[in-house]
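Each remark here refers to the structure printed beneath this line.
Quick note on labels: first sequence line is chain A, next is B, and so on, each numbered from 1.
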There are 2 protein chains.
Amino acid sequence: MQNDHFQPHDHARCISTAVDAAERFCAAQGLRLTPVRRRTLEILLSEHRALGAYDILAKLDADGFGSQPPVAYRALDFLTANGFAHKVEALNAYVACTHPGADHAPAFLICRSCGVVEEAEAAPDKGPLARAAREAGFAIERAVVEAQGTCPACRSEHP
Amino acid sequence: MQNDHFQPHDHARCISTAVDAAERFCAAQGLRLTPVRRRTLEILLSEHRALGAYDILAKLDADGFGSQPPVAYRALDFLTANGFAHKVEALNAYVACTHPGADHAPAFLICRSCGVVEEAEAAPDKGPLARAAREAGFAIERAVVEAQGTCPACRSEHP
DNA sequence: CACTTAAATGATATAACATTACATATCAAC
DNA sequence: GTTGATATGTAATGTTATATCATTTAAGTG
């Protein structure tokens, strides 16, 4: 794992790194990181927890952007399509990607206690699922891999 | 994999096997497989595809059971709590379990083309995710593992 | 610069998924 | 048969997500 956001860390650096990476990627690809999109990314980056689309919408509204659902969903679509954020299916919520840019297969460790979502690499060609898929002749295009449990910080608090 | 529901198979046997297993398990555990619950299981078993709660509700209503959402959600809660069915998070929909009874960690292969959902074993202690969790000191309690792609039958039809 | 076109945003409405709360009915145990 | 626990019926509401159409903004072209 590149990082461990269950532990205290320099979070300002998480934000600036991710925003910088998104900016560079968009510049290189001719994508437009517009104000709503950029702000949505910053909102997601403000915590390592998954936020619901309507939580994000409320913040965007407070910041003077539109107040209707498509405002948030469009920004999230852009961010997820380009790998700057991911949807956590088990929570119907969204997290910023902390190593964006490249096309990658995310897996998540979701702490039930503090809500922190840590991103790991899914390695879609390895593991038991990949083996089952090969046996069945099934071609995997996308994998949702989300583990729920408790992080070390929460377990040491409530032992 | 115990089975391969992407291919033609004796589906009546799938149904009777699963219903029988549920009946035996409930008898052994003192659980009540009431008419709504049993019918909900049969509805789920009627296809190897994931059904939305409201699809199920419509069928229950047509069969003379209640017509309000809690009717379906309560039956689904019972079935999922006891391992007779699972929720597919990526689809917000439900599938019958084809090898119910024991507490197990399901993984799914979901065909985007025909909608068939095949259940495999997630093997939560193996694979890259388990390794990442161990490194981070994260204790996995539940894992959502859902691969989306195309099944062999669909690929041979649309090559 | 003016025009064109594509992309993005604003706004309304509605669809799809899920839960709370409370009343009634059923079942098993005593 | 009364009691208590479990299950069901029903109304209302909450939460998540999309379709549609009008308007605005940005980028490219003559």
Side-chain angles (χ1 to χ4, degrees), chain A residues 22-23 26-41 43-44 49-82 84-95 115 144 146, chain B residues 22-23 26-41 43-44 49-82 84-95 110 115 117 144 146:
Chain A
E23 251 163 16
C26 287
Q29 304 288 313
L31 298 168
R32 291 165 56 194
L33 190 63
T34 61
V36 219
R37 291 168 176 178
R38 191 193 163 106
R39 183 75 192 110
T40 302
L41 178 57
I43 290 167
L44 286 174
R49 298 198 287 110
L51 297 176
Y54 281 72
D55 296 336
I56 292 162
L57 179 58
K59 301 197 192 216
L60 290 174
D61 188 17
D63 288 351
F65 298 97
S67 62
Q68 300 303 313
V71 169
Y73 283 105
R74 283 195 285 235
L76 289 167
D77 283 349
F78 173 84
L79 296 175
T80 54
N82 294 291
F84 305 141
H86 304 291
K87 180 172 187 185
V88 181
E89 297 288 351
L91 305 176
N92 291 323
Y94 304 83
V95 274
V144 172
E146 303 173 357
Chain B
E23 250 163 17
C26 287
Q29 304 288 313
L31 298 168
R32 291 164 56 191
L33 190 63
T34 61
V36 219
R37 292 168 175 178
R38 191 193 164 104
R39 183 71 193 113
T40 302
L41 178 58
I43 290 167
L44 286 174
R49 298 198 287 110
L51 296 176
Y54 281 69
D55 296 336
I56 293 162
L57 179 59
K59 300 195 194 216
L60 290 174
D61 187 18
D63 288 351
F65 297 98
S67 62
Q68 299 302 315
V71 170
Y73 283 105
R74 283 194 284 235
L76 289 167
D77 283 349
F78 173 85
L79 296 175
T80 54
N82 294 292
F84 305 141
H86 304 292
K87 180 173 185 185
V88 181
E89 297 288 352
L91 304 177
N92 291 323
Y94 304 82
V95 272
I110 306 160
V117 175
V144 172
E146 302 173 359

Looking only at the side chain of [X] (C-beta and beyond, no hydrogens), which of the listed nucleotides [options] gets closest?
{"X": "Arg74(B)", "options": "dT18(D), dA7(D), dG9(D)", "result": "dG9(D)"}
{"X": "Val36(B)", "options": "dT18(D), dT8(D), dA8(C)", "result": "dT8(D)"}
{"X": "Tyr73(B)", "options": "dT16(D), dT9(C), dC17(C)", "result": "dC17(C)"}
{"X": "Pro70(A)", "options": "dA17(D), dA19(D), dA18(C)", "result": "dA19(D)"}
{"X": "Gln68(A)", "options": "dA8(C), dT19(C), dA11(C)", "result": "dA11(C)"}

Taking only side-chain nitrogens and oxygens of [X], does any of them come within less than 4.0 Å of OP1 or OP2 of [N]?
{"X": "Ser67(B)", "N": "dG9(D)", "result": "no"}
{"X": "Lys87(A)", "N": "dT16(D)", "result": "no"}
{"X": "Asn92(B)", "N": "dA18(C)", "result": "yes"}

Separation of [X] atom [atom1] from [N] atom [atom2], in whole Å?
{"X": "Tyr94(B)", "N": "dC17(C)", "atom1": "OH", "atom2": "P", "value": "9 Å"}
{"X": "Leu33(B)", "N": "dT8(D)", "atom1": "CG", "atom2": "P", "value": "10 Å"}
{"X": "Arg32(A)", "N": "dT9(C)", "atom1": "CZ", "atom2": "P", "value": "7 Å"}
{"X": "Asp77(A)", "N": "dA19(D)", "atom1": "CG", "atom2": "P", "value": "10 Å"}
{"X": "Asp55(A)", "N": "dT15(D)", "atom1": "CG", "atom2": "P", "value": "10 Å"}
{"X": "Leu76(B)", "N": "dC17(C)", "atom1": "CG", "atom2": "C1'", "value": "12 Å"}
{"X": "Leu57(A)", "N": "dT15(D)", "atom1": "CG", "atom2": "P", "value": "14 Å"}
{"X": "Ile56(B)", "N": "dA18(C)", "atom1": "CD1", "atom2": "P", "value": "10 Å"}

remark   = Closest non-hydrogen contact found for Ala72(B) with Leu60(B) is CA-CD1, 4.2 Å

query = Between Ile43(A) and Lys59(A), which heavy-atom pair has the shortest distance, and what is it?
reply = CD1-CB, 3.6 Å

message = Between Arg37(B) and Pro69(B), which residue's closest nucleotide on DNA chain D lies nearer the 5′ terminus?
response = Arg37(B)

message = Side chains of Asp63(B) and Arg39(B), heavy atoms from C-beta outward: is any pair under 4.5 Å?
response = yes

key: Member of Leu44(B), Val88(B), Thr40(B) meeting the side chain to side chain contact (heavy atoms under 4.5 Å, CB included) criterion with Leu51(B)   = Leu44(B)

message = Ring-plane angle category for Phe84(B) and Phe78(B), please: parallel below 30°, perpendicular beyond 60°, tilted otherwise.
response = tilted

inquiry  = With side chain to side chain contact (heavy atoms under 4.5 Å, CB included) as the criterion, how do Arg32(B) and Arg37(B) come out once you've worked through the C-alpha distance, each side chain's angles and the decisive distance to 0.1 Å?
reply    = CA-CA 9 Å; Arg32(B) 291 164 56 191; Arg37(B) 292 168 175 178; 4.1 Å; yes

query = Within the side chain of Glu146(B), is there an N or O that forms a donor-acceptor pair under 3.5 Å with the backbone of Ile110(B)?
reply = no

task = Look at the side chain of Tyr54(B) and the base of dA15(C), then say whether one donor and one acceptor between them are separated by less than 3.5 Å.
result = no

key: Under the side-chain hydrogen bond (donor to acceptor under 3.5 Å, both in side chains) test, residues paired with Asn92(B) that sit two or more places apart   = none

Base-paired stems that DNA chain D participates in, counting runs of 3 or more Watson-Crick or G-U pairs under 3.5 Å = C:1-30 with D:1-30

